[in-house]
Amino acid sequence: MIWILAAAVPLTFLGVFFAYPVASLIGRGFVTDGILDLGGFGEVFARPRTWRIVRLTLTQAILGTTGAVLLGIPGAYVLYRCTFPGQRLVRAVVTIPFVLPTVVVGVAFRTLLADSGPLGFLGLDGTFTAIILALVFFNYAVVVRTVGGMWERLDPRTEQAARALGASPARAFLTVTLPALTPAIASAASVVFLFCATAFGVVLVLGGIQFGTIETEIWIQTTQFLDLRAAAVLSMMQLVVVAGSLALFARTRARRERALRLQPAHPASRARNSGQPGFKGRKFGPWRAGADLLPAAVTAAVVGVLVLLPLGTLLIRSLRTPSGWGLGNYVALGTTGGDNALTVTVWEAAANSLRIAVDATVLAVVMGVLVALVLSRRPRHPAARQAIGWMDSLVMLPLGVSAVTVGFGFLITLDAPPLDLRSSPVLIPIAQAIVAMPLVVRTVLPVLRAIDPRLREAATVLGASPARVLAAVELPFLIRSMGLAIGFAFAVSLGEFGATAFLSRPDRPTLPVVIFRLIGQPGAENYGMALAASVVLALLTAGVMGLAERLRGERAGEF
């Protein structure tokens, strides 16, 4: 009974604040004068614009995923299989883009690729290539961490046996290591595809409506054309893509977990520290391992050009003012910008973001931990196991469903008693908690599933109640992963833009909303403030994630 109640609370929360608004928005697009009308499908799919949007979305997702995977595999090898001074620092650096708000990513690439930027000579500003590069920049860490985490734990003896039988390093990698890594690569690719297909802030800042995707088209149809029917059809189309990606994600994750159970864990760090055969003497450097030169060169180029250069350019350009170099843009954050472009100062918007992030984090962590506890059960009844599998897929849906759809769904559904929340300050934290909750689940769940079930069984046999088992056995493991989960939820809330763009009140905007408004305003003063505000937001999110990383356990999460 206690687990049914634990499942009911988050499912009710998602039902009221996710399923109901999304279903209502989609339903309004297919109901005319109280009668079901599916004519919108034919109307929308007959538009050449729709097929152009679909083609751009799929092309963007495929190219972004391919680039992240091809560049991420060498990075996973170098950062998780080799040893070199400063390795932990480089791992932290490549993680920064993943936790940056998408608006900041877009601004960073605009400063990099603009005519006056370091790579302006390439002529990529405002092109589709710029969007792809930004998506690879954003998702590179997903591949590195997902694949690297598994690669670090692979038993090296199989590859060593292949080498002993005469296989070259390349042949041993292609025939032994790569097949073992396939589940992790597929899992990372499906997540990256999901993020690329639903990208919003990056596409809006770098491409605008010229390179629109399904996500941006939903926003345009609802805010500019008020065409709910078209938005509903596009939302349904996006749901199909998301559901397919999540199904692939769940399948590959299950294969990955089975693979990890079949193989003895040999963490590289432990092996290196203990001098275990296979890792002893493994040094990074061309003079010791010539085969490592290519992945090391690729990783160095990616970290230098794709990760550090945009961030460095953003920081340097934020110090450039119309009158010269200095802190003028940061001083101006205490104003409302040129020609009063804003209704509040940037610092006030930052304070709003922090207050909202605290509320959203509390909600996301409470609901996410409840979900993770339920999903970590291993019931013996087949129906119960199947129900847990369905619940696992359902709670992941907010990760891929358009945040724009969620935000607009809030506006049109939560506007009447008993849920008249239009003027309530809780609306934005709830929306952001829904977006962050799946990441909390995916961070906490692997820790709970890694607990030896015999510990629970032994405590039960000794007479402990379910609550006592939870407190004595699971709670210590759960606390170790809470730091990273809280950090993820807080960082996601700070940078959330899609739903917040709909729900934010003019007198209480958040930091991402203010940055987007400043970019759209004319004047060098406003653009300089946008760069400075982006640096502030990047430092906030990176600082939160850096602190969370220090609190993470040995096995915490899939990202």
Side-chain angles (χ1 to χ4, degrees), residues 65 67-84 86-88 90-95 98 139-163 167-192 249 252-274 276-285 288-289 291-300 302-303 442 446 450 549 552-559:
T65 304
V69 170
L70 290 179
L71 296 177
I73 290 176
Y77 172 76
V78 171
L79 296 180
Y80 286 86
R81 200 69 173 182
C82 299
T83 305
F84 60 93
Q87 189 178 38
R88 290 176 63 88
V90 180
R91 286 187 189 181
V93 168
V94 300
T95 306
F98 180 63
N139 292 292
Y140 176 72
V142 176
V143 179
V144 170
R145 295 176 71 102
T146 305
V147 178
M150 185 177 181
W151 206 335
E152 188 179 34
R153 290 172 171 79
L154 280 184
D155 188 345
R157 289 171 294 187
T158 308
E159 183 178 344
Q160 291 169 357
R163 294 289 307 276
S168 64
R171 186 177 178 82
F173 171 76
L174 292 175
T175 58
V176 177
T177 305
L178 189 59
L181 291 175
T182 299
I185 295 172
S187 177
S190 58
V191 174
V192 173
F249 182 30
T252 53
R253 187 177 65 246
R255 290 182 58 190
R256 178 188 177 192
E257 289 171 350
R258 286 198 295 271
L260 285 175
R261 285 199 296 271
L262 290 174
Q263 296 165 345
H266 288 287
S269 57
R270 289 181 181 175
R272 284 191 294 269
N273 293 337
S274 62
Q276 178 182 331
F279 287 96
K280 185 177 181 180
R282 188 115 176 105
K283 301 292 184 183
F284 181 79
R288 294 292 303 272
D292 293 345
L293 183 59
L294 180 59
V298 172
T299 303
V302 171
V303 173
R442 295 267 76 88
E549 280 285 348
R552 69 176 291 155
E554 179 187 347
R555 178 183 172 86
E558 299 174 358
F559 302 125

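Values reported hereafter were calculated over all heavy atoms of this structure, with side chains retained and with hydrogens, waters and symmetry mates removed. Position 1 is the first residue of the sequence; numbering continues from there.
Scanning all heavy atoms of the two residues, the minimum distance from A188 to V147 falls at CB-CG2, 4.4 Å. Contact detail for A189 and T65: the closest heavy-atom pair is O-CG2, 3.5 Å. When every heavy atom of L174 is checked against every heavy atom of P179, the shortest pair comes out as O-CD, 3.4 Å. The minimum heavy-atom distance between A76 and G148, with the atom names listed, is CB-N, 3.5 Å.
Taking 4.5 Å as the limit, some side-chain heavy atom of V78 sits within range of a side-chain heavy atom of F84. Side-chain contact check for V191 versus T146: every heavy-atom pair is 4.5 Å or farther apart. Between Y80 and V144 there is a side-chain heavy-atom pair separated by less than 4.5 Å.
Interatomic distance, L181 CG to F173 CZ, rounded to the nearest 0.5 Å: 6.5 Å. Here I73 contributes atom CD1 and T299 contributes atom OG1; the two are 11.0 Å apart, rounded to the nearest 0.5 Å. Once rounded to the nearest 0.5 Å, the distance linking OG1 of T177 with CH2 of W151 reads 6.5 Å.
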#### Entry: Evaluation steps, side chain to side chain contact (heavy atoms under 4.5 Å, CB included), between I185 and V69
CA-CA 7 Å; I185 295 172; V69 170; 4.0 Å; yes
